[in-house]
Amino acid sequence: MSTTTGQCPEGPQPPLFTWEFASDPYPAYAWLREHAPVHRTRLPSGVEAWLVTRYADARQALADQRLSKNPEHHDEPSHAKGKTGIPGERKAELMTHLLNIDPPDHTRLRRLVSKAFTPRRVAEFAPRVQQLTDELIDKFIASGEADLIHEFAFPLPIYAICDLLGVPREDQDDFRDWAGMMLRHFKPGHGGGPRGGVARSVKKMRGYLAELIHRKREEPGDDLISGLIKASDHGEHLTENEAAAMAFILLFAGFETTVNLIGNGTYQLLRNPGQRERLQRSLAAGETDLLETGVEELLRHDGPVELATWRFATEPLSIGGQDIAPGDPVLVVLAAADRDPERFADPDTLDLARRDNQHLGYGHGIHYCLGAPLARLEGQTAIATLLRRLPDLRLAAEPADLRWRGGLIMRGLRTLPVEFTPE
């Protein structure tokens, strides 16, 4: 059984977006699904938005093209300006990426970048992901203890996406530093916090990407940035700003989701020993089916993305019987939809063998996560290798003492201290 019950509490609405809520949001989401499935609330930043919590409504909203991704459609009051995106991306001219645009521009850019995430390209990348995974474990396996977030789950996707983009190895630690600043301080939808640190990291990353794009134009390679430049040179009209924005958002969106998939997934396996042992036996027998269904179940049960990124109504519409006005922000709560008992049997139980698991962890519709095949590869490789190489892996802290990052969109642990028998 899962350690988070998610059962619908009686009484008044539980508080949202507190530190206690961050540790276990599922009971509050169960209350909303039952009593206020499309709920207007004021976020900690002061922005008012609609929260959509039922699976059927969530799936509809994610595919509804009347809900725009373009922040220009937000009918925002002056106090809320600039609080629905990534700090610094507008000043750094990094807005023209897939999370902020609609068709036809979205269609054009997605077609270009999708070539990097074909099943063949991802399969070719698998040996490098395995190599990175083993190298990271090698660094701490002799100590008998580690923080799996900072020593494993965080660096793995950073180095992987840098390789995919074509960032030279000698520059990848700079990217790790900039990404670390974002991970520590970026709290989308929350007020306060050192957003200036995030904006400075975005500015540094933008300057580096401009230089890298120039270098790749002169000396292209077999990497994603070279591919984007090549496409633009063949009449696709991809500007330098678009190329930089695409590289930026692939890094930004591509690393934290995988950090949280590995971190949350490992944590849930450690808290559900029966399921973890079942997976270990399957891996020892050389099987892959349970690993594949298991990672999908970990995505559903306690996934890396709690709320889908911002959408804004472009015309009057109705979701779940609730009227939404033009300009209103809408946030689809993936974590709530993926535990909807109307869609998933016994939704609060972790069942690695669950079938018909059409979770929304990577979205739905035209904005379905482009990097999902790579994230699945990284998640499967990381979890399988941890269980194989550290068979007696165990938590080195009480679950109540662990802290979750206080954000809005993402859900992930700050640290995950573990112990194991040294190799």
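The shortest side-chain heavy-atom distance between Thr257 and Met410 falls under the 4.5 Å cut-off. Using a 4.5 Å heavy-atom threshold, the side chains of Leu402 and Pro417 count as touching. Here the side chains of Thr385 and Leu390 are not in contact, with every heavy-atom distance at 4.5 Å or above. Under the 4.5 Å side-chain criterion, counting only non-hydrogen atoms from C-beta, Phe152 is not in contact with Thr266. Taking 4.5 Å as the limit, every side-chain heavy atom of Leu156 sits out of range of all side-chain heavy atoms of Thr381. Using a 4.5 Å cut-off on side-chain heavy atoms (C-beta onward), Arg414 and Ile149 make no contact. Under the 4.5 Å side-chain criterion, counting only non-hydrogen atoms from C-beta, Asp64 is not in contact with Val330. Side-chain atoms of Gln275 and His301, non-hydrogen and from C-beta on, never get closer than 4.5 Å to each other.
The local environment of CG in Asp222 is sparse, with at most 12 non-hydrogen atoms from other residues, nucleotides or ligands closer than 6.0 Å. Other residues, nucleotides and ligands contribute more than 12 heavy atoms inside 6.0 Å of the CD atom of Glu292. Residue Glu219 places its CD atom among 12 or fewer non-hydrogen atoms of other residues, nucleotides or ligands, all under 6.0 Å distant.
Residue Asn264 comes nearest to Gly303 through the heavy atom pair ND2-O, 3.3 Å, listed as atom of the first residue, atom of the second, then distance. Contact record, Pro14 with Trp31: CD-CG, 3.5 Å, taken as the closest heavy-atom pair. The two residues Leu334 and Ala308 have their closest heavy-atom pair at CG-N, 3.8 Å. Of all heavy-atom pairs between Ala337 and Ala58, the closest is CB-CB, 3.7 Å. The two residues Asp338 and Leu299 make their nearest non-hydrogen contact at OD2-O, 4.4 Å. Taking both residues in full, the closest heavy atoms of Tyr29 and Ala335 are given as CE1-CB, 4.0 Å, listed atom of the first, atom of the second, then distance.
With rounding to the nearest 0.5 Å, the separation of CG in Asp302 from CG in Leu350 is 9.5 Å. If you take CD on Glu306 and CG on Leu331, they are separated by 11.0 Å, rounding to the nearest 0.5 Å. Here Leu291 contributes atom CG and Gln280 contributes atom CD; the two are 12.0 Å apart, rounded to the nearest 0.5 Å. A distance of 5.0 Å separates CG in Leu165 from CD1 in Ile225, rounded to the nearest 0.5 Å. In this structure, the separation between CZ on Arg339 and OG1 on Thr349 is 9.0 Å, given to the nearest 0.5 Å. In this structure, the separation between CD on Glu277 and CG on Asn272 is 11.0 Å, given to the nearest 0.5 Å.
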Query - Pair Asp356-Arg343, salt bridge (charged side-chain N to carboxylate O under 4.0 Å, His left out): steps then yes or no - result: CA-CA 10 Å; Asp356 187 29; Arg343 177 59 184 83; 3.3 Å; yes

**Report entry** CA sep, side-chain torsions, deciding dist, call: Leu395, Arg271, side-chain contact (heavy atoms from CB on, under 4.5 Å)
**Finding:** CA-CA 8 Å; Leu395 281 173; Arg271 300 211 66 194; 4.3 Å; yes

Report task. Could you check Lys69 against His106 for side-chain contact (heavy atoms from CB on, under 4.5 Å), going step by step and ending with a plain yes or no? Result -> CA-CA 10 Å; Lys69 298 292 291 176; His106 177 273; over 6 Å; no

Requested in this report: Given side chain to side chain donor-acceptor pair (under 3.5 Å), test Gln358 with Tyr55 step by step and report yes or no.
Outcome: CA-CA 10 Å; Gln358 296 182 36; Tyr55 182 91; 4.7 Å; no

**Report entry** Derivation of the side-chain contact (heavy atoms from CB on, under 4.5 Å) call for Ile158 and Trp178
**Finding:** CA-CA 10 Å; Ile158 283 289; Trp178 297 329; over 6 Å; no

Query raised in the report: Leu269 and Leu386: side-chain contact (heavy atoms from CB on, under 4.5 Å), yes or no, with the steps?
Result: CA-CA 11 Å; Leu269 288 174; Leu386 280 174; over 6 Å; no

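Of the possible polar contacts, none joining the Ser282 side chain to the Arg278 backbone as a donor-acceptor pair under 3.5 Å is found. A donor-acceptor pair under 3.5 Å is formed between the side chain of Arg276 and the backbone N or O of Leu393. Counting only distance, with no hydrogens or angles, the side chain of Arg403 and the backbone of Ala400 share a donor-acceptor pair below 3.5 Å. For the pair Thr107 (side chain) and Pro103 (backbone), a donor-acceptor distance under 3.5 Å is absent. Under the 3.5 Å distance criterion, the side-chain polar atoms of Glu297 are matched with a main-chain donor or acceptor of Asp351. Remark: side-chain polar atoms of Arg311 are not paired, donor with acceptor, to backbone N or O of Val332 under 3.5 angstrom. A donor-acceptor pair under 3.5 Å is formed between the side chain of Thr293 and the backbone N or O of Leu352.
A salt bridge links Asp328 with Arg40: the distance from a Lys NZ or Arg NE/NH1/NH2 to an Asp or Glu carboxylate oxygen falls below 4.0 Å. We find that Glu296 and Arg376 are joined by a salt bridge, their nearest charged nitrogen and carboxylate oxygen being less than 4.0 Å apart. In this structure, Asp163 pairs ionically with Arg169, as a charged nitrogen and a carboxylate oxygen lie closer than 4.0 Å.
Considering Asp57, Val333, Thr53 in turn, Thr53 is the only one that fulfils the side chain to side chain contact (heavy atoms under 4.5 Å, CB included) rule with Arg33. A side chain to side chain contact (heavy atoms under 4.5 Å, CB included) with Ile262 holds for exactly one of Thr258, Asn260, Val259; it is Thr258.
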Mind listing the side-chain donor-acceptor pairs of residues 209-216 below 3.5 Å, one per line with the distance, residues two or more places apart or on another chain?
unit_1, atom_1, unit_2, atom_2, d
Lys216, NZ, Gly166, O, 3.1
Lys216, NZ, Asp223, OD2, 3.0

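For Arg355, the salt bridge (Lys or Arg N to Asp or Glu O under 4.0 Å) test picks out no residue, with sequence neighbours left out.
No side-chain donor from either of Asp174 and Tyr208 sits under 3.5 Å from a side-chain acceptor of the other. For Arg176 and Gln172, the side-chain atoms include no donor-acceptor pair closer than 3.5 Å. Gln131 and Tyr159 form no side-chain donor-acceptor contact under 3.5 Å, judged by distance and modelled atom types alone.
For the pair Arg300 and Phe344, the distance from NZ or CZ to the six-membered ring centre is under 6.0 Å and the angle to the ring normal is within 45 degrees.
Applying the salt bridge (charged side-chain N to carboxylate O under 4.0 Å, His left out) test to every pair with at least one member in residues 135-147, sequence neighbours left out, gives these pairs: Asp138-Arg389.
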